[in-house]
Visitor: 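The structure that follows is given in the form of structure tokens.
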Amino acid sequence: MPRPDPDDVELELFVRALQLRHGYDFSGYARASLKRRVQSVAMASQCKTIGELTAKIIRDDAQLPSVIAGLSVPVSEMFRNPSVFKALVAEVFPVLASYPHINIWQAGCARGEEIYTLAILLEEAGLYERAQIYATDFNDSALALAQEGIFPVAEARTWSENYLAAGGQHSLSDYWHARYEHLKLDEKLKRNITFANHNLVADGVFCEAHLILCRNVLIYFTNPLQDRVLGLFRDSLVRGGYLMLGNKESLSFAPNAGEFTVLNARARIYRLGLPQP
């Protein structure tokens, strides 16, 4: 039987040490992508091997924030995949409009681009005043950036094009102030947003939601962990509530998939419960 690669052994020891010492459980993350990220964190921490990084996180608590920040994937953009948000507005918002109060959970909000996308869409649909958005992530650094709502001005053109393609009713520049090569989103977009630390791997039900968005997070998990998180989403949704995943994600493999009905396969929008007549 061939012996395992030393880097793979060190990766398993790192995962175990991070869980035992600090309570962060990455055991259910897909190994190929996790290995690349851990190696990148090790390099940034001036460690020659994953083993050296493991020793640091065991002995030096000050290393933890930068390690956790490096292991998360806070990459997004406003109105990413515009057709998806167009479908959300057309197919989900009319049902949400029937509720006197709307709870929305954005799980894995990263730096907040999709949170503000959602706030703008709700504003333009006349639903924001009765909506409460919960934006969660396990990365405190990403959460702090999301709460600031400040982004590079270089993103403006792409985001504006996405906004119009998603059916935006105005100009996206109406929602930000540009200064010193940065965009600061209008504070009014934050009025119904609550930012909080929540770990999908370890934590339980966060709220009772009518809509949950978790886009391009599950792709980093193993199949059993994906199914565990889908169970968490099922338990967090009201009956008939909606779940939106990323365009590279699917429910097809998961035992919990039977709890959901496909509403829009292309947009990865699902509904909890039986198909509607």
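Residue numbers run from 1 in the order of the sequence given. Quick caveat, the model's predicted, so the values are computed rather than measured.
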Visitor: Check whether Lys190 reaches the backbone of Glu148 with its side chain - one donor and one acceptor, N or O, closer than 3.5 Å.
Guide: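 Answer holds: yes.
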Visitor: Can you check whether Lys56 reaches Val67 side chain to side chain, under 4.5 Å on heavy atoms?
Guide: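 They are not in contact (no side-chain heavy atoms under 4.5 Å apart), so the answer is no.
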Visitor: Should Lys35 and Asp5 be marked as a side chain to side chain contact (heavy atoms under 4.5 Å, CB included) after you check the CA-CA gap, both sets of side-chain angles, and the distance that decides it?
Guide: CA-CA 12 Å; Lys35 184 178 178 179; Asp5 183 271; 4.2 Å; yes
Visitor: Between CG of Leu183 and CD of Glu155, what distance do you get to the nearest 0.5 Å?
Guide: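 Nearest 0.5 Å value for the CG-CD distance: 8.5 Å.
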Visitor: Please say yes or no: joined through hydrophobic side-chain contacts below 4.5 Å, possibly via intermediate residues, are Leu172 and Leu118 part of one cluster?
Guide: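 Yes, Leu172 and Leu118 fall within the same hydrophobic cluster.
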Visitor: Determine, step by step, whether Ile102 and Leu211 satisfy the side chain to side chain contact (heavy atoms under 4.5 Å, CB included) criterion, reporting the C-alpha distance in whole Å, the side-chain angles of both residues, the deciding distance to 0.1 Å, and the verdict.
Guide: CA-CA 8 Å; Ile102 306 163; Leu211 168 65; 5.8 Å; no
Visitor: Can you tell me how far apart CD (Glu259) and CZ (Arg234) are? Round to the nearest 0.5 Å.
Guide: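 Nearest 0.5 Å value for the CD-CZ distance: 5.0 Å.
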Visitor: Show me the pairs that pass ring pair (Phe, Tyr, Trp, His ring centres under 6.0 Å) and involve residues 165-194, at least two apart or across chains.
Guide: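 Listed once each, the pairs would be none.
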Visitor: Are there more than 12 heavy atoms of other residues, nucleotides or ligands under 6.0 Å from atom CD of Glu208?
Guide: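 Atom CD in Glu208 is not crowded, with 12 or fewer foreign heavy atoms closer than 6.0 Å.
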Visitor: Asn81 side chain to Ser83 main-chain N or O, any donor-acceptor pair under 3.5 Å?
Guide: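 Between the backbone of Ser83 and the side chain of Asn81 there is no qualifying donor-acceptor contact (under 3.5 Å).
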Visitor: Atom CD1 of Ile68 and atom OH of Tyr24: how far apart are they, to the nearest 0.5 Å?
Guide: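 Here the rounded value is 5.0 Å.
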Visitor: For residues Trp159 and Glu113, report the shortest heavy-atom separation together with the two atoms involved.
Guide: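 What the structure gives for the nearest pair is CZ2-CG, 3.8 Å.
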Visitor: Trp105 and Ser236: which non-hydrogen atoms are nearest, and at how many Å?
Guide: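 The answer is CZ3-OG, 3.6 Å.
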Visitor: List the atom of Val38, the atom of Leu71, and the distance in Å for their closest heavy-atom pair.
Guide: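 Smallest heavy-atom distance, with atoms named: CG2-CD2, 3.6 Å.
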Visitor: Measuring from atom CD of Glu10 to atom OG1 of Thr49, what distance do you get when rounded to the nearest 0.5 angstrom?
Guide: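 If I round to the nearest 0.5 Å, the distance is 4.5 Å.
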Visitor: I'd like to check Leu225 versus Phe26 (side-chain heavy atoms, cut-off strictly below 4.5 Å). Are they in contact?
Guide: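 Heavy-atom side-chain distance check fails, nothing below 4.5 Å.
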Visitor: Please name the pair of heavy atoms, one in Glu124 and one in Gln169, separated by the smallest distance, quoted to 0.1 Å.
Guide: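 So the minimum-distance heavy-atom pair works out to OE1-N, 3.0 Å.
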Visitor: Evaluate the side chain to side chain contact (heavy atoms under 4.5 Å, CB included) criterion for residues Leu245 and Ser250: first the C-alpha distance (whole Å), next the side-chain angles of each, then the deciding distance (0.1 Å), finally the verdict.
Guide: CA-CA 7 Å; Leu245 300 179; Ser250 169; over 6 Å; no
Visitor: Determine, for Arg191 against Glu123, whether the closest basic-nitrogen to carboxylate-oxygen distance falls under 4.0 angstrom.
Guide: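 Answer for the salt bridge query: yes.
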Visitor: Is there a chain of hydrophobic side chains (I, L, V, M, F, W, Y, each step under 4.5 Å between heavy atoms) that links Tyr270 to Phe233?
Guide: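 Yes; Phe233 is reachable from Tyr270 via cluster members.
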Visitor: Rounded to the nearest 0.5 Å, how far apart are CD of Gln39 and CZ of Arg36?
Guide: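 So the CD of Gln39 and the CZ of Arg36 are separated by 9.0 Å.
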Visitor: Check the pair Asn162, Thr117 against side chain to side chain contact (heavy atoms under 4.5 Å, CB included), reporting the backbone distance first and the verdict last.
Guide: CA-CA 10 Å; Asn162 288 350; Thr117 294; over 6 Å; no
Visitor: Nearest heavy-atom pair of Ile115 and Gln106: which atoms, and what distance?
Guide: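 Looking at all heavy atoms of both residues, the closest pair is CD1-CB, 3.1 Å.
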Visitor: One thing to verify: whether Glu114 and Arg80 come together as a salt bridge, which I'm taking to mean a side-chain N less than 4.0 angstrom from a carboxylate O.
Guide: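 Salt bridge present between Arg80 and Glu114.
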Visitor: Report yes or no: does His210 contribute a side-chain atom to a donor-acceptor pair with the main-chain N or O of Tyr99 at less than 3.5 Å?
Guide: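 Absent.
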Visitor: Less than 4.0 angstrom from a charged side-chain N to a carboxylate O is my criterion; do Arg31 and Glu12 meet it?
Guide: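 Looking at Arg31 and Glu12, the cut-off is met.
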Visitor: Side-chain contact test, heavy atoms from C-beta onward, threshold under 4.5 Å: evaluate it for Val217 versus Val229 and give yes or no.
Guide: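 Side-chain contact under 4.5 Å: no.
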Visitor: Is there a path of hydrophobic side-chain contacts, each under 4.5 Å between heavy atoms of I/L/V/M/F/W/Y residues, joining Tyr116 to Tyr134?
Guide: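 Shared cluster, no.
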Visitor: Between Pro6 and Val9, is any pair of side-chain heavy atoms under 4.5 Å apart?
Guide: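 No. Closest side-chain heavy atoms not under 4.5 Å.
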Visitor: Do Ile150 and Leu185 share a hydrophobic cluster (ILVMFWY, side-chain heavy atoms under 4.5 Å, transitive)?
Guide: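 Each belongs to a different hydrophobic cluster.
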Visitor: Is Leu121 reachable from Met244 through a run of hydrophobic residues whose side-chain heavy atoms are each under 4.5 Å from the next?
Guide: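 In one cluster with Met244: Leu121, yes.
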Visitor: Assess whether a salt bridge exists between Asp61 and Arg21, defined as any Lys/Arg side-chain N lying under 4.0 Å from an Asp/Glu carboxylate O.
Guide: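 A salt bridge links Asp61 with Arg21.
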Visitor: I'd like to know if Arg157 pairs up with Glu161 as an ion pair, taking the criterion as any Lys NZ or Arg NE/NH1/NH2 lying under 4.0 Å from an Asp or Glu carboxylate oxygen.
Guide: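 Counted as a salt bridge, because a side-chain N and a carboxylate O are separated by less than 4.0 Å.
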Visitor: State, yes or no, whether a side-chain contact exists between Ile269 and Glu91 at a heavy-atom distance under 4.5 Å.
Guide: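 In short, these two side chains do not touch, never coming nearer than 4.5 Å.
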Visitor: Please tabulate, for the side chains in residues 192-205, all donor-acceptor contacts under 3.5 angstrom to protein atoms that are two or more places apart in sequence or on a different chain.
Guide:
residue	atom	partner	partner atom	Å
Asn192	ND2	Tyr128	O	2.7
Asn192	ND2	Ala131	O	3.2
Thr194	OG1	Gln132	NE2	3.0
Asn197	ND2	Phe138	O	3.2
Asn197	ND2	Asp140	OD1	2.8
His198	NE2	Gly204	O	2.8
Asn199	OD1	Val201	N	2.9
Asp203	OD2	Asn199	N	2.7

Visitor: Show the numbers, then the answer: is there a ring pair (Phe, Tyr, Trp, His ring centres under 6.0 Å) between Tyr220 and Tyr29?
Guide: CA-CA 6 Å; Tyr220 298 103; Tyr29 280 60; 7.7 Å; no
Visitor: Taking Thr261's backbone N and O only, do any of them form a donor-acceptor pair with Arg271's side chain (distance below 3.5 Å, no angle check)?
Guide: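 Checking the backbone N and O of Thr261 against the side chain of Arg271, no donor-acceptor pair under 3.5 Å is found.
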Visitor: Quick one, Leu243 and Leu272 - any side-chain contact, counting heavy atoms below 4.5 Å?
Guide: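 Counting from C-beta outward, Leu243 and Leu272 never come under 4.5 Å.
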Visitor: For the CG atom of Asn139 and the CG atom of Asp137, what is their distance to the nearest 0.5 Å?
Guide: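 Reported value, rounded in 0.5 Å steps: 5.5 Å.
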Visitor: Over all heavy atoms of both residues, which pair between Ser45 and Gln63 is shortest? Give the atoms and the distance, please.
Guide: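 It is OG-OE1, 4.3 Å.
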Visitor: When you compare the side chain of Asn103 with that of Val238, does any pair of heavy atoms fall below 4.5 Å?
Guide: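 No, side chains not in contact.
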Visitor: Do the non-hydrogen side-chain atoms of Phe93 and Leu122 ever get within less than 4.5 Å of each other?
Guide: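 Side-chain contact under 4.5 Å: yes.
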